[in-house]
> 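Shown below is the structure under consideration.
Start at 1 with the first residue, then count along the sequence.
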Amino acid sequence: MNTLLGATGWLAASAALAAPLTSPDGHLSADIRITPTQTLEYSIQRDGRPVILPSRLGLQLEGADLANGLSLAATSPLTAVRDDYELATAKKRRIGYRANEQIYTVRNAKGQAMDLAFRLSNDGAAFRYVVRGPGPHRFVAESTSFRFDAGAKAWLQPMSVAQTGFANTNPSYEEHYQREIAAGTPAPSNAGWVFPALFRSGDTWVALTETNMDGSWHASRLQAGAEGGVYKLGVPMAPEVFPGGGLLAESRGTLTSPWRVIAVGSLATLVESTLGTDLAAPAIPFDAALVKPGHASWSWALLKDDATVFDVQKKFIDYAVDMHWDYTLVDADWDRRIGYEKMGELARYAASKNIGLLAWYNSSGAWNKTEMSPKSKLLTHEQRVAEFARLAKMGVKGVKIDFFGGDGRSMIQYYVDILNDAAAAGLLVNFHGATLPRGWSRTYPNLMTTEAIRGLEFTTFDQKDEDAVPPHAAMLPFTRNLFDPMDFTPMVFGDIPKIRRVTRNGFELAESVLFLSGIQHFAETPEGMATAPAYIKDFLRELPRSWDETRFIDGYPGRHAVIARKSGNAWYVAGFNAGNADITLDLDLGFLNGREGQLMTDGAGERSFTQAAVRGGRQRVTIKARGGFAAVFK
């Protein structure tokens, strides 16, 4: 029998919960209970049908087993969570999060306690662990798992093995996805699978990720083995640390895990969900006038290192002016090829044209073999303060920081420290060779974007990566770019040096709307852009920098995607087809209320465009093989 625990209002319970937790709309429910073997377990249902089958919860810390021999000590009253915030780098600007939360306190035989905070919103579930009291609390292992039924399918990106790849720079979340594999299929290596991880069980889609990384916890992944469809959380490999730093979670006071996020619903629900930022910490103080999403010219994508010289970068500033873009990114080795003094001159020239200059940095010290510079200038707080102040005085608006060392706690702390120090200097940030940002774009408004994807640059190195682009790109609105901004660096209309481009121009154009990035770095050069019709250049000149609303129209992971995004009074609808045959889709554009627009799509040739008038309502649209379209309704 439940009884009140003094003035706290909490209910004591000896075994299990009396009723499941439900989402505000009642479609999702979760059961949290202590099993007969004294472990902590949860399950999730959608409209009464199982989605996540009974799965383990719990932590093991040094000197405290909070996964076994547990009893339920207390259950809090149901709390309605309301959170409203704005985000300039996401799928919508004004976001409202609504959820129901309960907190379950469990104890082990020693009387050591842990709180499990569990929330259900209309688009999914989230939970985290809190271990209170004086520390130190040191992480040993985690029992968290996600169990799927035998018929479930998965779309997963393998985690790369630490200290492999170019100059020992892995892991950087830059592998190709395995698509529609049987749940439980082992990962290619012991490194496991990255977040977000996508699953389908019956007619329900599930995306797993985590958010709210404050530097006290390592970044997790799914373990390589998932026998019986049971996916367990895994930890980083031993080398994934800042030199001299710790690998796993630790706290001298209260230890709080990141939120583990389980988005649940239709494919539309997932694509329109904002759970990955809803559960991130609110924004740190940062001058709102400096939060300027935008579009950037960038020479390195196609021209590589030899173009990082003063005259070429000045040309790319003029290119940004012509395209009405906002930034120009100067890439690696600018300190040696251009120099700080001339870089300041470039920044002043750019500012005179209302263009912001962005500068590349190598994050690494000794953890990889990279030589590109500026290198080892950001390793300490004192170095960062001095370097960032120097950049700000030069007029540089932001930094692209590359070649991080993995997901250990100390490396996550390094990211957080960079973001804080850059914010103090008024600088925008783009992380490359990096981890999944896990909601950081909400907490740090100066974080514009992060790579963490096998982006366009890989297609310039090897034909096999270019050949894989269509299905790879068609994964991204459903996985990597689901919650966090992504610097894929899209869009080439001309040729890629020494590579045969397999996508049509419409596919490339569609990426400019389908891919979300606070600063979208376009790969095309002035010469390639000159081949595009005037109406395409005008489209890219007027393309919004951020979005007010997003609607999923049609799609299937790895095959095709059609998404609508609203900015002000204008709607942009874009789609691409990853297949080797044309597809015809019946699209419901009724939300446009018959509004007239312009459709830009592939012409007869793979490097041509055509345009036509289009009207909102039911529309039958044919997308060519490896092609795409973009439409504007104003």
Side-chain angles (χ1 to χ4, degrees), residues 20-30 32 42 44-46 51-52 76-104 115-130 195-196 204-214 256-286 288 291 293 436-445 447 477-478 481-485 516 518 546-552 563 565-566:
L21 179 65
T22 59
S23 59
D25 65 6
H27 288 291
L28 299 182
S29 61
I32 297 92
Y42 77 103
I44 296 175
Q45 300 80 38
R46 179 185 178 213
V51 176
I52 302 293
S76 77
L78 182 71
T79 300
V81 178
R82 297 177 60 89
D83 189 12
D84 298 287
Y85 62 99
E86 292 192 15
L87 195 54
T89 56
K91 62 186 73 172
K92 59 191 301 187
R93 178 173 291 274
R94 293 176 178 83
I95 301 172
Y97 172 59
R98 305 290 184 266
N100 291 330
E101 179 184 74
Q102 283 191 290
I103 299 173
Y104 314 104
D115 290 342
L116 171 73
F118 209 105
R119 293 183 182 179
L120 280 183
S121 55
N122 294 343
D123 52 349
F127 59 86
R128 68 178 177 183
Y129 306 109
V130 180
F195 290 133
T204 296
W205 293 83
V206 176
L208 305 179
T209 190
E210 61 183 354
T211 190
N212 199 33
M213 306 288 294
D214 64 3
T256 304
S257 78
W259 285 100
R260 283 65 166 92
V261 176
I262 310 172
V264 177
S266 66
L267 203 52
T269 297
L270 267 60
V271 170
E272 296 173 14
S273 172
T274 54
L275 274 177
T277 50
D278 292 343
L279 293 135
I284 65 168
F286 187 72
V291 181
L436 182 76
R438 294 168 167 83
W440 278 335
S441 58
R442 178 185 178 185
T443 308
Y444 304 97
L447 180 63
F478 308 102
N481 211 191
L482 196 60
F483 300 121
D484 296 295
L516 295 172
S546 59
W547 303 104
D548 298 323
E549 186 178 343
T550 287
R551 289 183 183 232
F552 173 78
I563 293 173
R565 305 196 194 278
K566 184 174 185 283

> Taking atom types as modelled and ignoring hydrogens, do the side chains of Ser29 and Gln45 form a donor-acceptor contact shorter than 3.5 angstrom?
yes

> Just by modelled atom types, is the Ala99 backbone N or O under 3.5 Å from a matching donor or acceptor in the Ser121 side chain?
no

> State plainly whether the residues Glu549 and Lys92 are in salt-bridge range, i.e. N to O under 4.0 Å.
no

> Can a side-chain donor-acceptor contact be found between Thr274 and Thr277 if the only test is distance below 3.5 angstrom?
no

> Work out which heavy atom in Thr211 is nearest to a heavy atom in Gly439; give both atom names and the distance.
OG1-CA, 3.5 Å

> Using a 3.5 Å distance criterion without hydrogens, assess whether the side chain of Asn481 forms a donor-acceptor pair with backbone atoms of Leu516.
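Pair found, side chain donor or acceptor close to backbone of Leu516.
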
> For the side chain of Ser23 and the backbone of Asn122, is there at least one donor-acceptor N/O pair under 3.5 Å apart?
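Such a contact is absent between Ser23 side chain and Asn122 backbone.
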
> Counting distance only, does the side-chain N/O of Glu101 pair as donor-acceptor with the main-chain N or O of Phe118 below 3.5 Å?
no

> Cut-off 3.5 Å, side chains only: do Thr256 and Arg128 have a donor facing an acceptor?
no

> Any side-chain heavy-atom pair from Asp84 and Ile95 closer than 4.5 angstrom?
no

> Look at the side chain of Ser273 and the backbone N and O of Asp123, then say whether any donor-acceptor pair between them is shorter than 3.5 Å.
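Judged by distance alone, no pair lies under 3.5 Å.
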
> Pick out which of Tyr104, Tyr42, Trp259 makes a ring-ring contact (aromatic ring centres under 6.0 Å, His included) with Phe127.
Tyr42

> Please check this pair: side chain of Trp547 against backbone of Ala90, looking for a donor-acceptor N/O pair closer than 3.5 Å.
no

> With rounding to the nearest 0.5 angstrom, report the OG1 to CD1 distance, Thr443 to Ile284.
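Going from the OG1 atom of Thr443 to the CD1 atom of Ile284 covers 8.5 Å.
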
> So that I can tick it off, tell me whether Asp25 and Arg98 are bridged by a salt bridge, with the cut-off set at under 4.0 angstrom between side-chain N and carboxylate O.
no

> So is Arg442 actually on top of Tyr85's ring, under 6.0 Å and inside 45° of the axis?
yes

> Please step through side chain to side chain donor-acceptor pair (under 3.5 Å) for the pair Ser546 and Arg93, ending with a clear verdict.
CA-CA 8 Å; Ser546 59; Arg93 178 173 291 274; 2.6 Å; yes

> Short question: side chain of Lys91, backbone of Arg551 - any donor-acceptor pair under 3.5 Å?
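Such a contact is absent between Lys91 side chain and Arg551 backbone.
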
